[in-house]
Protein chains: 2
Amino acid sequence: MTTQHTPFARKLGAFVALSPEELGLLDQLHSRRRTFPALRDMVYEGQVERSAYILASGRVCSYKLLPGGTRQIVDFQIPGDFLGLRSVLFRTADHNIEPITRVQASEVQAQDLLDAFNTAPRLAAAVLWAASRDEAMVVEHLVDIGRRDAKQRMGHFLLELGARLKLVGLGSSDGYNCPLTQYLLADALGLSAVHVNRVLRELREDGLVSFQQGKVIFSDFDGLVEFTEFDRHYLDHEGPLMK
Amino acid sequence: MTTQHTPFARKLGAFVALSPEELGLLDQLHSRRRTFPALRDMVYEGQVERSAYILASGRVCSYKLLPGGTRQIVDFQIPGDFLGLRSVLFRTADHNIEPITRVQASEVQAQDLLDAFNTAPRLAAAVLWAASRDEAMVVEHLVDIGRRDAKQRMGHFLLELGARLKLVGLGSSDGYNCPLTQYLLADALGLSAVHVNRVLRELREDGLVSFQQGKVIFSDFDGLVEFTEFDRHYLDHEGPLMK
DNA sequence: CGCGGCATTGAGGCACATCAAACTCTGTGG
DNA sequence: CCACAGAGTTTGATGTGCCTCAATGCCGCG
């Protein structure tokens, strides 16, 4: 029922039980498949073409640049995630999107999306739900940076990413592949790369998580959950709410 | 055309040019008007009644509590803002909402909203836009906390709030009423109340802004915009995009 | 084999936190 | 009308988490 469809459909199906017609409409959104090389921005701040993407494979990050040259990574996206919803709805994109690895994604234009909403209003509710879930993650990220120290922050981040990947079948409680550099982590967590390195070492020495060679390994999952006060509640993953 | 309708309708109208029927539907959402005293939470984390509100008057903040007793304020809401969209769409609320002053708000139940979407799909797009705009503010808040120092952060925050209030007619480039304590500012900006006080003094002594007796006064608006590198772009306020 | 990107470690400094205390208001009751 | 309490603001002193600068090590790749 779900497996033959895209990760995106699977994700929306977690909120709204979708009919075959609705699933079909979603599949149509995937007609314009494109490939992007790592590191060249797919969307940049100020861009006027209002297009967004649904990520099929690879990893990307969305970020904002500051005049001083520093940047803040707002979120990482994984397969099944919607990229740049705000750049479809807004006049110009308000953030950048950069592929971390080679990426495959389907381009979605504003009109396609609005047409789909007209045909199947329940899809609008489902997309709204997905957007809200993304916002919940940004909110938790905000709490992370505002009120947790570097060590808890790092642990919390690694757990959250793990939970998301697990949902699309790309990880488990043992660990997952994570092609992020310490610089990327630093830009995401509001830390310096040097401090990221020290914090990772501490977490490893504490026997909680290790992050090496592009792999995250949870040495003591429960211990890490406790240490970081991780509550997966905000990810809201428990079967469709709208029948 | 806009003035006889609610601030909420005015806000959505900034994105979608709404028909009289659509405006009528929006007005119907305002049937269950309620009043809340200051300080008692309207929505709390884990709450199961899935209801949200449209704020008519007063000020509220939404926040998350941490086990240690600290809290992070995610956003302040002003009249015309939607409160707790995520608590309608999610199984349980993932955050708290507290009135800062006495508040008047219209209760909106999940079904009301979904029914309105069914009748007028363009409303769904408009609400999605409003949600995206809220997310853009959270994102900017994240950048604030992650990458700006306390002084820039405070100035940026005061400018953003001013821009939002101006839009609903509650402020100008000279200043605005701001019933927030330094403790609230601290919880919002990820600082200690003591440091908030020092930073406010510095900004005042620099002749940029003053914050006293519940009033924000921009002594040098342009100077502050420059100092904080404020770019109002992300608020996306420039007339309807969908005709 | 050497170069460039990334990881690691050390030393020193600063922006912020924490603790502690006084000061200012505002409202309240005697 | 004054005494008092409580909430918020202000200021000082001291401590620390994280930054910056600088160097070294590691590894894959041309």
Side-chain angles (χ1 to χ4, degrees), chain A residues 38-39 61 66 68-73 98 100-101 144-158 177-206 209-217 227-228, chain B residues 37-39 59 61 66 68-73 98 100-101 144-158 177-206 209-217 227-228:
Chain A
L39 300 180
C61 68
L66 282 87
T70 58
R71 72 167 174 178
Q72 176 66 49
I73 292 179
E98 174 184 299
I100 293 169
T101 64
D144 244 2
I145 294 186
R147 290 296 178 202
R148 287 191 248 261
D149 69 20
K151 204 168 160 184
Q152 266 198 325
R153 200 185 299 179
M154 176 66 76
H156 195 275
F157 170 80
L158 294 176
N177 285 329
C178 189
L180 305 179
T181 67
Q182 296 183 354
Y183 288 89
L184 286 169
L185 286 174
D187 283 343
L189 298 178
L191 297 170
S192 69
V194 172
H195 202 62
V196 163
N197 184 282
R198 294 192 222 275
V199 165
L200 285 174
R201 175 158 55 82
E202 285 179 47
L203 287 169
R204 194 180 336 120
E205 288 172 357
D206 291 350
V209 228
S210 85
F211 184 138
Q212 274 168 328
Q213 273 99 245
K215 289 202 188 341
V216 171
I217 297 168
F227 171 70
T228 59
Chain B
L39 301 180
R59 305 279 188 93
C61 68
L66 282 88
T70 57
R71 72 168 176 177
Q72 176 66 47
I73 293 179
E98 174 184 299
I100 293 169
T101 64
D144 243 2
I145 294 186
R147 289 296 176 203
R148 286 191 248 260
D149 69 19
K151 205 168 158 184
Q152 265 198 324
R153 199 185 298 177
M154 175 66 75
H156 195 276
F157 170 80
L158 294 177
N177 285 330
C178 188
L180 304 179
T181 66
Q182 296 183 354
Y183 287 89
L184 286 169
L185 286 174
D187 283 343
L189 298 178
L191 298 169
S192 68
V194 172
H195 203 62
V196 163
N197 184 281
R198 293 192 222 275
V199 166
L200 285 175
R201 176 158 54 83
E202 285 179 46
L203 287 169
R204 195 182 335 122
E205 287 171 359
D206 291 350
V209 227
S210 85
F211 184 140
Q212 273 168 328
Q213 273 99 245
K215 289 204 188 341
V216 171
I217 297 168
F227 171 70
T228 58

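Scope of the values below: all heavy atoms of this structure, side chains included, with no hydrogens, waters or symmetry mates. Here is the naming used below: chain letters follow the sequence lines, and residue numbers restart at 1 for every chain.
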**Report entry** Boundaries of the chain B footprint along DNA chain C (any atom under 4.0 Å from a heavy atom)
**Finding:** C:dC16 to C:dC19
Name every donor-acceptor pair, under 3.5 Å, that has one atom in a side chain of residues 194-201 of chain A and the other anywhere in the protein, sequence neighbours excluded.
unit_1   : atom_1 : unit_2   : atom_2 : d
A:Asn197 : ND2    : A:Gln182 : OE1    : 3.1

Report task. Not counting sequence neighbours, which residues clear side chain to side chain contact (heavy atoms under 4.5 Å, CB included) with A:Ala38? List them please. Result -> none
Report summary line: Applying side chain to side chain contact (heavy atoms under 4.5 Å, CB included) to A:Asn177 and not counting sequence neighbours gives A:Lys215
Query - Residues in side chain to side chain donor-acceptor pair (under 3.5 Å) contact with B:Asp144, at least two apart in sequence or another chain - result: B:Arg148
Report summary line: Residues passing the side chain to side chain donor-acceptor pair (under 3.5 Å) test with B:Arg153, sequence neighbours excluded, are none
What protein N or O atoms touch nucleotides 11-13 of chain D N or O atoms at under 3.5 angstrom, if any, and at what distances?
unit_1 : atom_1 : unit_2   : atom_2 : d
D:dT11 : OP2    : B:Arg201 : NE     : 2.6
D:dG12 : N7     : B:Arg198 : NH1    : 3.3
D:dG12 : O6     : B:Arg198 : NH2    : 3.2
D:dA13 : N6     : B:Arg198 : NH2    : 3.1

**Report entry** Test ring-ring contact (aromatic ring centres under 6.0 Å, His included) applied to B:Phe157 - qualifying residues, sequence neighbours left out
**Finding:** B:Phe76
Requested in this report: Taking ring-ring contact (aromatic ring centres under 6.0 Å, His included) as the test, write out the residues that go with B:Phe227, two or more places apart.
Outcome: none
Query raised in the report: Looking for any heavy atom pair under 4.0 Å, which part of the strands does A:Leu191 touch: base, sugar-phosphate only, or nothing?
Result: sugar-phosphate
Query - Between C1' of D:dC26 and CD of A:Gln212, the distance in whole Å - result: 13 Å
**Report entry** Nucleotide D:dT16, atom C1' - distance to NZ of A:Lys151 in whole Å
**Finding:** 15 Å
Query raised in the report: Within the distance-only criterion (no hydrogens, no angle test), does the side chain of B:Thr101 pair as donor or acceptor with the backbone N or O of B:Arg59 below 3.5 angstrom?
Result: yes
Query raised in the report: Got a sec? Which of residues 181-189 of chain B come in under 4.0 Å of DNA chain D, heavy atoms?
Result: B:Thr181, B:Gln182, B:Tyr183
Query raised in the report: Taking everything shown except A:Gln212 itself, do over 12 heavy atoms lie less than 6.0 Å from its CD?
Result: yes
Query raised in the report: Where each residue is assigned the nucleotide of DNA chain C containing its nearest heavy atom, which of B:Gly190 and A:Phe211 is assigned the position nearer the 5′ end?
Result: A:Phe211
